[in-house]
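Here's the structure, in structure tokens; my notes come after.
Keep in mind that what you see is a predicted model, and the values were worked out from it rather than measured. The analysis underlying the following values was restricted to heavy atoms, covering all of them including side chains, and did not include hydrogens, waters or symmetry mates. Proteins get letters first, then strands, A, B, ... in listed order; numbering begins at 1 in each.
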Amino acid sequence: MLQLQVLRQNAQAVKDRLAKKNFRETNLVDEIIALDDERKKLQLESDNTQAKINSASKEIGQLMAKGQKEEANKRKQEVAAYKNTLQPIADKLSETEKLLNEKLVLLPNLPSEKVPAGKTPADNVVMREGGNKPTLPSDAVPHWELIKKYDIVDFETGAKITGSGFPLYKGKGARLQRALIQYFLDYNTAAGYTEYLPPLMVNEATAYGTGQLPDKEGQMYYMQADNFYMIPTAEVPVTNIYRDEILKEESLPVKMTAYTPCFRREAGSFGADVRGLNRVHQFDKVEIVQLVHPDKSYDVLEEMVSHVENLLNTLELPYRILKLCGGDMSFASALTYDFEVYSAAQQKWLEVSSVSNFETFQTNRMKIRFKGADGKSRLLHSLNGSSLALPRIVACLLENNQFAAGIKLPAVLHNYFGALSIS
RNA sequence: GGAGAGAUGGCAGAGCGGUCUAAUGCGGCGGUCUUGAAAACCGUUGACCCAAAAGGUCCGGGGGUUCGAAUCCCUCUCUCUCCGCCA
């Protein structure tokens, strides 16, 4: 959620930046400012009336103590009159506040200066590539055939148990998931991230905090009986750890990592792009989240990018890093880098991580603040990224490292997996 | 699931209808003393709305009673104790 004061300070600049994100309803900005003016006016009226009620009530107490009942009764009538005028003001005030909030949450975050212009994924800017694309044998096959050959993921049985898009990992496939999770968490904690294992279902307030509600309701699985949502990413419960808190400046930066399964309904997705592990309803992911001083967030963003990049390097996978253009960025982000790995048999780039700076967009909703040296509270900046999402990493590992007798695994996984290869 | 108790400032904890602008203790910050520190003593110490002042709001959330609510009533959420069930 954008800060009102930012809109008020320079409405035109806000509109220009929203346009960069392909956001067309810029008249919302003016509507919001008008509503805020209205709100202030009503607030003042309400405060003044309330002040009169308060002082009259105090007098009544004093008059009663002195036994001056008649005078007290006169005051009571005055208060009753004030309350009659207060009621409609208070109603209008809360109505205005509600409307203001409803409109405010419709505005996406402002893209940072560094965001390239553009409308579609084709306009994203490739920052750099790393790793080597392998030369595959002529009989190389995509991962959905490899998983059958080695019997490590069973989609049919997953569909029997739950439904399509719920993979059942088996034997070495299950072991590989565990090895990757363990390795990623070790890698993150070695870099100073504190490990968490959060709840996998969240309440409404939490889903609202990171921006899944009110808009993206349909993307989450919903438990009607208890009004809980299955998390689409660990970002949701982990960032909410500090909701409504004011941190001490010396406790910054807050660095957190968590492994969780992620649940996504992704209604309407089908076709070749979703074959095999490319897109599923339940998948494993290790996430990193940071809460940092506003002056440092863009340095931290770069630091997180190289953190993820180094992790991909150790997996010996070919990758590229994209800076997303305005039109392809998420609603909440101010600047996003996507990581893609090259899946050699599909001859496709697959997104495995997205690292973003949200600036104050999330922390404003969640009221995550810190107290500066001047004693004033300010909003922190929040950032997060995948480190990493598993299914597409697995797809890529399988496809790129296939040879006649099996799948070679990168050295860094040997101990975690307990073998050099899958056969 | 059943019965009971509770939710107050960073923490502990008093207040149970009108100087609550919330006692007191701890912690934090500043000072006196000290070479420095500790101890002792003195002072200070939350958040939010408003450009600011004035003013207002906030004692788990929401609603109500009352001229007036931290205090009384209803409701929801959460915590604790006991019982039941359970990996």
Item to check | Donor-acceptor contact present, side-chain Arg392(A) to main-chain Asn278(A), <3.5 Å | outcome: yes

Checklist outcome for this item: Pairing partner of G84(B), by Watson-Crick or G-U wobble and under 3.5 Å for both distances, is none

Checklist entry - Salt bridge or not for Lys92(A) and Glu38(A), using N-O below 4.0 Å? => result yes

Next on the checklist: Check the phosphate of G68(B) against Asn54(A), side-chain N and O only, distance under 4.0 Å to OP1 or OP2. Yes or no?
Outcome noted: no

Checklist entry - Roughly how far apart, to the nearest Å, are A40(B) and C76(B) at atom P? => result 49 Å

With a cut-off of 3.5 Å and sequence neighbours excluded, list every side-chain donor-acceptor pair involving residues 157-173 of chain A.
residue	atom	partner	partner atom	Å
Thr157(A)	OG1	Asp154(A)	OD1	3.2
Thr157(A)	OG1	Asp154(A)	OD2	2.4
Lys170(A)	NZ	Asp151(A)	OD2	2.7

Checklist entry - For atom C1', what is the distance between C49(B) and G15(B), given to the nearest Å? => result 28 Å

Item to check | Span that lies between the C1' atom of G46(B) and that of A39(B), in whole angstrom | outcome: 29 Å

Item to check | Modelled atom types, side-chain donor and acceptor of Gln182(A) and Asp186(A), under 3.5 Å | outcome: no

Next on the checklist: Taking the cut-offs as 6.0 angstrom to the six-membered ring centre and 45 degrees off its axis, would you call Arg378(A) and Phe370(A) a cation-pi pair?
Outcome noted: no

Item to check | Atom C1', compared across C58(B) and A22(B): separation rounded to whole Å | outcome: 13 Å

Item to check | Cation-pi geometry met for Lys255(A) and Tyr193(A) (6.0 Å, 45°) | outcome: yes

Dump the pairs, protein N or O against N or O of nucleotides 17-22 of chain B, anything under 3.5 Å, distances to one decimal.
residue	atom	partner	partner atom	Å
G18(B)	N2	Ser57(A)	O	2.9

Check: protein-nucleotides 74-76 of chain B nitrogen or oxygen pairs below 3.5 Å:
none

Without placing hydrogens or testing angles, list every side-chain donor-acceptor pair under 3.5 Å for residues 111-118 of chain A, not counting sequence neighbours.
residue	atom	partner	partner atom	Å
Ser112(A)	OG	Lys114(A)	N	3.0

Checklist outcome for this item: Across all chains, not counting sequence neighbours, the side chain to side chain contact (heavy atoms under 4.5 Å, CB included) partners of Lys52(A) are Tyr82(A)

Next on the checklist: Distance check, P atoms only: G62(B) and A69(B), in whole angstrom units.
Outcome noted: 15 Å

Below 3.5 Å is the cut-off: list the nitrogen or oxygen pairs between protein and nucleotides 47-51 of chain B, distance only.
residue	atom	partner	partner atom	Å
A47(B)	OP1	Lys371(A)	NZ	3.1
A47(B)	O3'	Arg369(A)	NH1	3.2
C48(B)	OP1	Arg369(A)	NH1	2.9
C49(B)	O3'	Arg39(A)	NH2	2.8
C49(B)	O2'	Arg39(A)	NH2	3.2
C50(B)	OP1	Arg39(A)	NH2	3.3
A51(B)	OP1	Lys40(A)	NZ	3.2
A51(B)	OP2	Lys40(A)	NZ	3.1

Item to check | G6(B) versus A70(B) - spacing of their C1' atoms, nearest Å | outcome: 15 Å

Checklist entry - Is the number of heavy atoms from other residues, nucleotides or ligands under 6.0 Å of Lys408(A) NZ greater than 12? => result no

Next on the checklist: For a quick test of reading the model: is some side-chain N or O of Lys83(A) closer than 4.0 Å to OP1 or OP2 of G68(B)?
Outcome noted: yes

Checklist entry - For C50(B), which nucleotide is its Watson-Crick or G-U wobble mate, given both distances must be under 3.5 Å? => result none

Item to check | Separation of the C1' atoms in G27(B) and G9(B), to the nearest angstrom | outcome: 13 Å

Item to check | Upstream residue (5' side of RNA chain B) when Asn48(A) and Lys76(A) are each assigned their closest nucleotide | outcome: Asn48(A)

Item to check | Distance between P atoms of A5(B) and U75(B) (Å, rounded) | outcome: 14 Å

Checklist entry - So, for Arg265(A) and Gly218(A), which heavy atoms are closest and what is the spacing to 0.1 Å? => result NH1-O, 2.8 Å

